[in-house]
Amino acid sequence: MPVITLTTDFGTRDGYVGAMKGKILSIVPSVSLVDITHDLPPQNLIAAAYCIQRSLPSFTQDTIHIAVIDPGVGSDRGGLAIKTPHGIWIGPDNGIVSLLLNTVVAEQIVRIHKHTPFWQSHASFDGLAVFAPVAAHLSRGMSLFDVGVPASSFQKLQVPDSVETAGYVAGTVILFDRFGNALTNLRASQWHTRPVKIFFRNQEIPLYHHYEAGRSEPLMALINSDGLLELACYADSAQIRWDLKENEEVRIVFQE
């Protein structure tokens, strides 16, 4: 049975996701639909990019993925269909797939036709008008080159990067998960097994291997499943308790 996944910032209140599912099922009734998430922060491309990078590698190469976080809908931004080792990704060309493609190979890339007998681009809802029918027809056997024309490039998302010097690495808070944990752009691979200290707002923050170990700390650091440093409070929202903001600096200081 073909599998199509859906990732959006639509929420579930207004029926947008239901409309997309209905469109897909009207074309290929036997498909299995998997919701990755519909709770991404509205129009937050960075959160979308990390979600896609995190989730798609768990799927097999015959899966089709739709991801629609699309503040540019109705403009001249293109749509892409990209074949990867973890399935075909379909969505707007606005950079949300670029983090995934930093780690996996784009085997084929096509720029989706905006107007065909099977779909017509829409001013405000390409998720329904274009990406849903494209996914459905691909799952029925349509080839990528029937969907669009070959493309050699795609938009790259400008994700803030950390800055490494001789004595420390300076990074920033880039986003928050639903638990209020603050994810940073500091990667564990940047210090490997070197002894380090972590500083935030001029305070040293203890580093733990898991949340429960830091239950007595007002604020802790740990390495999450993405290999990124995050700031957290045990069983509480660090974002709310500490009024954390995106772009605040976090430093990893090397201890010689």
Side-chain angles (χ1 to χ4, degrees), residues 4-24 33-56 58-59 64-82 89-102 112 114 119 121-135 154-161 172-185 224-226 228 230-232 236-248:
I4 296 176
T5 77
L6 296 97
T7 301
T8 77
D9 57 354
F10 295 164
T12 55
R13 184 185 68 178
D14 300 310
Y16 299 127
V17 175
M20 288 178 63
K21 290 182 175 182
K23 174 66 74 173
I24 293 167
L33 297 174
V34 175
D35 297 295
I36 292 179
T37 184
H38 302 294
D39 292 325
L40 287 167
Q43 303 182 352
N44 189 320
L45 301 183
I46 291 178
Y50 276 102
C51 175
I52 291 166
Q53 183 188 47
R54 180 183 303 121
S55 58
L56 265 60
S58 296
F59 290 86
I64 297 171
H65 307 280
I66 306 172
V68 188
I69 299 82
D70 194 13
V73 65
S75 70
D76 60 358
R77 71 98 183 92
L80 298 174
I82 302 176
W89 178 90
I90 300 165
D93 184 14
N94 60 11
I96 58 176
V97 75
S98 59
L99 291 186
L100 176 70
L101 296 182
N102 285 339
I112 297 171
K114 289 193 172 186
W119 58 82
S121 185
H122 191 272
S124 65
F125 197 3
D126 271 348
L128 175 66
V130 176
F131 302 129
V134 166
F154 52 88
Q155 290 293 324
K156 303 290 181 64
L157 193 62
Q158 298 301 309
V159 179
D161 202 2
T172 58
V173 174
I174 52 174
L175 56 94
F176 300 93
D177 67 15
R178 72 182 302 270
F179 298 102
N181 300 320
L183 282 66
T184 77
N185 57 4
N224 68 15
S225 59
D226 297 326
L228 298 175
E230 70 176 47
L231 303 179
D236 198 0
S237 167
Q239 181 183 15
I240 294 173
R241 181 189 288 188
W242 288 85
D243 191 27
L244 302 182
K245 308 295 183 185
E246 291 182 7
N247 301 317
E248 289 198 78

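Numbering starts at 1 and runs along the sequence shown.
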Revision key, fill the gap. When rounded to the nearest 0.5 Å, the distance separating CD1 of Ile82 from NE2 of His65 is 12.0 Å

Exercise for review: Check Ala47 against Leu175 and note the closest heavy-atom contact, atom names and distance.
Suggested key: CA-CD2, 3.8 Å

Revision key, fill the gap. Value for NE2 (His122) from CG (Leu128), rounded to nearest 0.5 Å, stands at 8.0 Å

**Study point:** Candidate pair Ile36 and Leu56, rule side chain to side chain contact (heavy atoms under 4.5 Å, CB included), full reasoning
**Key:** CA-CA 9 Å; Ile36 292 179; Leu56 265 60; 4.0 Å; yes

Check your understanding: Would a distance-only check, ignoring hydrogens and angles, find a side-chain to backbone donor-acceptor pair under 3.5 Å from Asp126 to Val73?
Key -> no

Review point. Which heavy atom in Pro92 sits nearest to a heavy atom in Phe131, and how many Å separate them?
Key: N-CZ, 3.6 Å

**Study point:** Gap separating the CG atom of Leu6 from the CD1 atom of Ile24, nearest 0.5 angstrom
**Key:** 5.0 Å

Review point. Should Glu246 and Ile46 be marked as a side chain to side chain contact (heavy atoms under 4.5 Å, CB included) after you check the CA-CA gap, both sets of side-chain angles, and the distance that decides it?
Key: CA-CA 12 Å; Glu246 291 182 7; Ile46 291 178; over 6 Å; no

Practice item. Decide yes or no for Gln155 and Asn94: does some side-chain heavy atom of the first lie under 4.5 Å from some side-chain heavy atom of the second? Key: no

Review point. Taking it one step at a time, do Phe59 and Thr5 satisfy side chain to side chain contact (heavy atoms under 4.5 Å, CB included)?
Key: CA-CA 10 Å; Phe59 290 86; Thr5 77; 3.6 Å; yes

Practice item. May I ask you to decide if Leu40's main-chain N or O and Asp9's side chain share a donor-acceptor pair within less than 3.5 Å? Key: no

Practice item. Examine distances only and state if a side-chain atom of Asn102 and a backbone atom of Gln53 form a donor-acceptor pair shorter than 3.5 Å. Key: no

Revision key, fill the gap. Scanning both residues in full, the closest heavy-atom pair of Ala67 with Ile52 reads CB-CD1, 3.7 Å

Exercise for review: Please round to the nearest 0.5 Å and tell me the distance separating atom CD1 of Ile4 and atom NZ of Lys21.
Suggested key: 11.5 Å

Practice item. Output yes when a side-chain donor or acceptor of Asn224 lies under 3.5 Å from a complementary backbone atom of Asp226, and no otherwise. Key: yes

Review point. What's the shortest heavy-atom distance between Ala135 and Ile64, and which atoms?
Key: O-CD1, 3.6 Å

Exercise for review: Evaluate the side-chain proximity of Val68 to Tyr16: yes if any heavy-atom separation is below 4.5 Å, no if none is.
Suggested key: no

Check your understanding: Taking all non-hydrogen atoms of both residues, which atom of Val17 and which atom of Gly11 are closest, and how far apart?
Key -> CG2-O, 3.5 Å

Exercise for review: Please check if the side chain of Asn181 supplies one atom and the backbone of Ala232 the other of a donor-acceptor pair under 3.5 Å.
Suggested key: no

**Study point:** Side-chain heavy-atom pair Val159, Asn185 within 4.5 angstrom cut-off
**Key:** no

**Study point:** Separation between CZ of Phe176 and CG of Leu231, rounded to the nearest 0.5 Å
**Key:** 8.5 Å

Practice item. Answer yes or no: is there a side-chain heavy-atom contact under 4.5 Å between Arg77 and Asp70? Key: yes

Check your understanding: What do you reckon, is NZ of Lys114 surrounded by more than 12 foreign heavy atoms closer than 6.0 Å?
Key -> yes

Practice item. State, yes or no, whether a side-chain contact exists between Ile112 and Ile90 at a heavy-atom distance under 4.5 Å. Key: yes

Review point. Are side-chain heavy atoms of Asp39 and Arg178 found at a separation under 4.5 Å?
Key: no

Check your understanding: Once you round to the nearest 0.5 Å, how far does CH2 of Trp89 lie from OG1 of Thr7?
Key -> 10.0 Å

Review point. Which pair of heavy atoms, one from Gly127 and one from Met20, lies closest together, and at what distance?
Key: O-CE, 3.5 Å

